[in-house]
Amino acid sequence: MRLLFVYNANSGKLNGFFDAGHKLVSPSTYKCTLCALTHNTFFEKESWKKFRTACDVPMTFYHKDEFKVKYPNNNLIYPVILKQKEQRLSIVLNADGLKEIFSVDDLITKLKNLLKEE
């Protein structure tokens, strides 16, 4: 099993610059709730980094443009967290579910509970 995290942002330095600016100027309207949970304006949150590096389950992170290239036949709303077992993808947390999580600690707890069930 592998977890796939797909951010509602495109890759590239220029896009990253615009995303950081958006987070600074108007964080409440930033379009990627997953990014808002796992990152500060410029860096990955320390508690998220600790969880991610200590977790036994492999994780892959994509910007939405990268994900669409690798998995072109998926019609998803971003951001999204997926579980990949063999070649099958299933949704762990969709965009609406991520909107209901208000802290990185809550996200970590949800993911830990999911991993216990596996």
Side-chain angles (χ1 to χ4, degrees):
M1 182 181 80
R2 172 178 295 279
L3 291 177
L4 307 179
F5 297 79
V6 187
Y7 293 99
N8 188 20
N10 286 317
S11 61
K13 290 182 182 181
L14 187 58
N15 288 318
F17 175 77
F18 286 125
D19 286 341
H22 191 159
K23 285 189 231 177
L24 280 171
V25 173
S26 185
S28 64
T29 63
Y30 185 63
K31 62 186 175 182
C32 186
T33 52
L34 180 57
C35 184
L37 288 167
T38 61
H39 289 72
N40 293 316
T41 303
F42 299 107
F43 302 105
E44 185 176 24
K45 292 180 180 176
E46 192 60 34
S47 58
W48 175 250
K49 185 176 183 178
K50 285 180 184 176
F51 166 73
R52 182 180 57 74
T53 57
C55 187
D56 292 333
V57 175
M59 299 179 188
T60 304
F61 298 85
Y62 295 98
H63 293 94
K64 66 182 178 182
D65 60 328
E66 299 164 328
F67 182 80
K68 288 176 183 178
V69 168
K70 182 144 178 123
Y71 301 94
N73 297 324
N74 288 289
N75 188 20
L76 299 169
I77 297 172
Y78 306 102
V80 65
I81 301 173
L82 303 165
K83 175 174 61 173
Q84 182 179 34
K85 264 191 165 175
E86 298 169 11
Q87 296 303 316
R88 184 173 166 85
L89 296 177
S90 59
I91 294 175
V92 172
L93 281 170
N94 63 19
D96 288 335
L98 286 164
K99 286 179 188 174
E100 296 175 7
I101 299 173
F102 298 104
S103 74
V104 68
D105 294 328
D106 290 343
L107 175 61
I108 290 168
T109 299
K110 277 197 175 280
L111 292 173
K112 283 181 177 178
N113 289 337
L114 165 81
L115 296 174
K116 284 180 192 175
E117 296 171 6
E118 286 299 317

For Ile91 and Ile81, what are the C-alpha separation, side-chain angles and deciding distance, and is it a side-chain contact (heavy atoms from CB on, under 4.5 Å)?
CA-CA 6 Å; Ile91 294 175; Ile81 301 173; over 6 Å; no

Take Phe67 and Tyr78 through the test side-chain contact (heavy atoms from CB on, under 4.5 Å) and record every step on the way to the result.
CA-CA 10 Å; Phe67 182 80; Tyr78 306 102; 3.6 Å; yes

Under the side-chain contact (heavy atoms from CB on, under 4.5 Å) criterion, do Asn73 and Tyr71 qualify, and how do the steps go?
CA-CA 6 Å; Asn73 297 324; Tyr71 301 94; over 6 Å; no

Test side-chain contact (heavy atoms from CB on, under 4.5 Å) on Arg2 and Met59 and set out the steps.
CA-CA 6 Å; Arg2 172 178 295 279; Met59 299 179 188; 5.8 Å; no

Which donor-acceptor pairs under 3.5 Å do the side chains of residues 96-104 make with protein atoms, sequence neighbours left out?
unit_1 : atom_1 : unit_2 : atom_2 : d
Ser103 : OG     : Asp105 : N      : 3.4
Ser103 : OG     : Asp106 : N      : 3.1
Ser103 : OG     : Asp106 : OD2    : 3.4

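Two residues are said to be in side-chain contact when any heavy atoms from C-beta on lie closer than 4.5 Å; Leu3 and Val92 meet this criterion. The closest side-chain heavy-atom distance from Tyr7 to Cys35 is below 4.5 Å.
Under the 4.5 Å side-chain contact rule for hydrophobic residues, Ile77 and Leu93 do not share a cluster. Clustering ILVMFWY residues whenever any of their side-chain heavy atoms sit less than 4.5 angstrom apart, transitively, puts Val69 in a cluster other than the one holding Tyr62.
Residue pairs meeting the salt bridge (charged side-chain N to carboxylate O under 4.0 Å, His left out) criterion with at least one partner in residues 46-58, sequence neighbours excluded, are Glu44-Arg52.
Remark: the backbone N or O of Leu37 is paired with a side-chain donor or acceptor of Lys45 at under 3.5 angstrom.
Atom CD of residue Gln84 and atom OG1 of residue Thr60 lie 7.5 Å apart, to the nearest 0.5 angstrom. In this structure, Asn75 CG and Lys68 NZ are separated by 9.0 Å, a value rounded to the nearest 0.5 Å. If you take CG on Asn74 and CG on Leu4, they are separated by 9.5 Å, rounding to the nearest 0.5 Å. Expressed to the nearest 0.5 Å, how far CG of Asn8 lies from CG of Leu34 amounts to 9.5 Å. With rounding to the nearest 0.5 angstrom, the CZ atom of Phe51 is 11.5 Å from the OG1 atom of Thr38.
The shortest non-hydrogen separation linking Leu115 to Cys55 is CD1-SG, 3.6 Å.
Using cut-offs of 30° and 60° on the angle between ring planes, the pair Phe5 and Phe61 is parallel.
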